Structures are given as C-alpha cells and as structure tokens.
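Structure record follows, encoded as structure tokens.
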Amino acid sequence: MKDLLVMKFGGTSVGSAARMRVAVRLSAEQQKKRPIVMVVSAMSGITDLLIETTKHAEAGDRAGLEANVRKLEQRHHEACKELLPRAAQKPVLAGIRQLVGEFQRIVQGMLMLNDRPPRSVDEAIAIGERLSALMIAACLNAQGTKAEAVNAAELIVTDAVFGSASPLMKQTTEKARQRLIPLIRRGVLPVVTGFNGATADGRPTTLGRGGSDFSASILSAALRARELWIWTDVDGIMTADPRLVPDAAVLSEVTYREAAELAYNGAKVLHPRTLAPLVESHIPVWSKNSFSPEKPGTKIVPRIAAPTGARAVTSTARVALVSLEPAHATLPGAHVMARALDAMAGANVEVLSLSSSSYRQSFCFLVRSEELEKTLEALESALALELAHGYLRPIDVNNEVGLLAVVGEGMQGTPGLAGRIFTAISRERINIIAIAQGSSELTIAIVVRRDGLETAVRAVHAECGMGRPREGKSRRPVPGHKPKHKS
Ligand code: ADP
Ligand code: ASP
Ligand code: MG
C-alpha cells in the first residue's frame, strides 16, 4: 500500500500509561501525514509473568497462579485508569476483565491437567499483546484518532510449530490485506497485536520470544509498506549492547545482512527473523528510540555504499556447545555430521555455529540453551546404534560457554582483522574454544568460556575502535585502526 508506515512499539515503549501515551502521540503525529498500522508488544514484563503463571499451573501451584492473575489484572487496571479519561474507561476495564478471565480459564485448565501443552501456552501468552492493543486503541480514540484493536490471529497465518511458528506468507498477505486495508481506507488506525498468529485452521500460535518485531515485518511485507519503524528503548542498532559496553556507538546505517547476523547472534534489539520477510521487497527498517524520538536512529537498508571493517560485536550467554567424536577411524566424521545435522533439522533445532577437526574427525556445534534438551534427544535417537556400540564417544556438552560474534560487511577487505580480534581476546587471558567464519565473511563467531564473555566483548569492541570518540579524539571508524594497549 502506497506510503503506508508500519510502526512497532516494544515492551518498554508501551510499559506504562505514560509510555503508551508517547506511543499514541508518535503514531497520531504520523497518521496526519500518511496511513499507519501500529504493532504493539505486551507491556514490559507481562509475557514473563504469563509464562511463569503457566508454569505455576503445570506445577499445581494454585496460590502462585492466582497471585499472578491478580498482578496481571492490577497492572492493566491501574494503567487503564491513568491512561484514559473517566468516560472512556468503562468498556476498556470490562475488556481487560474479559481477557484476564480468558487467561485464567486457560491456566486453570493447565492446573487441572498438570500440564502446559504448547498450543494452550501460545493461546495464553498472546493475551499480553491483546491487552496492550485494547488499551492503546482506546487511548487513540479518546484523543480523537480513530483506531481499532486487531488480534493478529486474524491476520498472520502460520505453521503449527507452537512457540516458534513461521508465517505462511501467501495466506497471511491475503488475510491481512482483506482485514486491514478497508480499515485504513476508512481512516481507522489498526492497532495490531505483535507476537501472535494462528494456523490456517485457527489454532493460536506465537512467533518466539521477542517476536513482535517479526510480526511487524510480516505485516509490512504483506501490506507492501513504504517503511517499518521499530520503536525501542535505545537509540538504534549499536556497535555493542550498551548494557555491556558503555561507550557503544549508534550505527547510522546497517545492511539487512548485518542486522540479521547481529540479531541471530544475540543482539536483542531485533528479533532474528525480522529481516527475512523484507529482503525481497527491500522495505527499509528504522530502529528508533521512543524515549528520544527526535534522534535519527538506525536505518536498515539492502546495501551501504562503502562498508568499513568490523562494525559491531554481539554476544549471547544462552548457548551450549555439543561435541561429537568417533571413537575410531572406521566411522567417518562426515557421515556422523550428516546424520547429526539431519536429526537436528528434523527436530527444528537451529545450529548457531559449527566447527570441525579433520584430523580427529570430530565436530562441535553451538545451539541455544533452550534447545539443548531437544538437540540431545534428537542426536541420541538418530545415533543410538553408534553410541550403544561405542563407535561414537559419549556426546559431550559444555554449558559453560558463550558466543561472541563480530559483524561487518567490510571485514573481508580488512587484512589481519581476525588475528587482531583473537589476540585481543587472548590478551585478556580468555581461552578461545571454537571459531567459525561464515562463507559470507560477514561474521566471525567465537566461542569462549562464559565467565570471560563480557570481557571478551569489551576487548574486541576496543580493539576494533568501535566506540564513541572521546572528547578531543578524532572520529573513527578506520578499518585498519589499531589502538595502543597497556602492556
Ligand atoms: P523491545 O522491548 O523494544 O523489543 P528489546 O529489549 O527486545 O526491546 O531490545 C532492546 C535492547 O536490546 C536494548 O535495551 C539493548 O540493551 C539490547 N541490545 C543488545 N544488543 C544491542 C545492540 N547491538 N544495539 C542496541 N541494543 C542492543
Ligand atoms: N511480548 C513478547 C515477548 O516478550 C513479544 C515481544 O515483546 O516482542 O517476548
Ligand atoms: Mg524486542
């Protein structure tokens, strides 16, 4: 749709009545200039609360469940009273009560069964986004901007992988256009829930934690939006997580590939799958700070003119390293690797990085901690015979690791960069456990001991001169730049 702007607001950007008001103001301002679709997250902390409640239910903890349901109702009730003029509160408070009741019924079912089936979990946790969409739409209406809350289960058609569903773009495009375009044409601003969808036969799904970014990009592609703005709580995509690296700098532009590599390797600022739906349509994405909306933010674009060396470093501690090693040469390593990867693909496990030793025919790969159990089950079943007969050594798991990734389109053209990065890490006496460099040479992924991860990130950030310039110092980045070190 010509000129359409999709604006997504994350949990902190709608985390209180005051933040919702800002989101409403920013959207209403844009709505005067062009058509807008809003995509909203649950209020910050709510998805965690909902998930914890389902766990209380499974564990038979009725008191914990009830306390959480009260918290859920109270937080939204209070925010609603603060957000809306008295006259507009009644139907919204009733809506909140109804959604909280819906949540309560689902978790009570779990309590009775002592189980939390993934399908019911998805239905339950999408209620966070439905609550915030309800309140934000009401606030827009109260301020004179016509708006309607829309449940994305009506728009985004997904497969049935509960907890991490993928969109079926053709059906989604049809449904989203059918439902949203008439609203937009009538001048109504749709406030769509992030994070959720439904299978073609109507079973509720979610897109994975942090998935509202993904919802927004799916809808941007479906509606052929002009731009997507993702409003968050930092000034854009930065050279590192500012919580770990105080002098991290904002990048004014990054490519789709850089942003995707950063996200896949732990940069929480974007959901890893956000860019995928946009690559073909080349819809630009902005990452902006709703706490400082006047700042330009980061533009994510298909290409940048003159890419310079290493641009950002990211890390994640929630990973595990799984190693497989044949006990003797009769079992070829490549054969084991093929079977293992096939088993993991079948179990929907994502391999974050992979490295192998041709001499020992062994190989190791990195998976997300939350997928470790699934990984081991898949491997143990696929390689049961080899393990039982001792052709394969017992599967080794190292949980004490972290992944660091250095990303930049221009790294390929910077000689000696990898060596400098490894030296910077070793200088801090941090052992490098595994290294993987993708064939694209866009990313160098390094596995280190978890207790050295944060130090390693800071060391690499400093070595590559990624930080903000200090007073009186000249501006970088200079690709070959090498700062002086204390010896
Ligand atoms: P939202 O709730 O808006 O979706 P998130 O908490 O998911 O926001 O993502 C924003 C957070 O991502 C920031 O507060 C920041 O700490 C973290 N982050 C991690 N890596 C980066 C990075 N490279 N650039 C910017 N922020 C990052
Ligand atoms: N509310 C969901 C979560 O916390 C989705 C999101 O915020 O993007 O994971
Ligand atoms: Mg997020």
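Keep in mind it's a predicted model, so treat the numbers as computed, not measured. Each ligand, and each atom within it, is numbered from 1 in the order the structure gives.
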* To do: Look at the side chain of S353 and the backbone N and O of L366, then say whether any donor-acceptor pair between them is shorter than 3.5 Å.
  => no
* **salt bridge (Lys or Arg N to Asp or Glu O under 4.0 Å) between D48 and R209, intermediate numbers included** => CA-CA 10 Å; D48 288 339; R209 291 307 305 271; 3.0 Å; yes
* Structure fact -> atom 4 (O) of ligand 2 sits nearest the protein heavy atom R209 NH2, 3.0 Å
* Asked: Do ligand 1 and D213 have nitrogen or oxygen atoms that lie under 3.5 Å from each other?
  -> no
* Structure fact -> atom 4 (O) of ligand 1 has as its nearest protein heavy atom K8 NZ, 3.2 Å
* Nearest heavy-atom neighbours spanning A222 and A176 -> CB-CB, 4.2 Å
* To do: Give the numbers and elements of all ligand 2 atoms closer than 4.0 Å to a heavy atom of E129.
  => 1 (N), 2 (C), 5 (C)
* To do: Using distance alone, determine whether G11 and ligand 1 share an N or O pair under 3.5 Å.
  => yes
* To do: Output yes when the distance from some N or O of ligand 1 to some N or O of T239 is under 3.5 Å, and no in every other case.
  => no
* Do any nitrogen or oxygen atoms of A267 lie less than 3.5 angstrom from nitrogen or oxygen atoms of ligand 1? -> no
* Side chain, backbone, both or neither: which part of D241 has a heavy atom under 4.0 Å from ligand 1? -> both
* When only distance counts, is G210 in polar contact with ligand 2, meaning an N/O pair under 3.5 Å? -> yes
* To do: Decide whether an N or O pair under 3.5 Å exists between S41 and ligand 2.
  => yes
* Heteroatom proximity flag, S212 to ligand 2, N/O under 3.5 Å -> yes
* Structure fact -> Closest to atom 1 (P) of ligand 1 among protein heavy atoms sits T232 OG1, 3.6 Å
* Could you check atom 24 (N) of ligand 1 against the protein and tell me its nearest heavy-atom contact, residue, atom and distance included? => M238 N, 2.9 Å
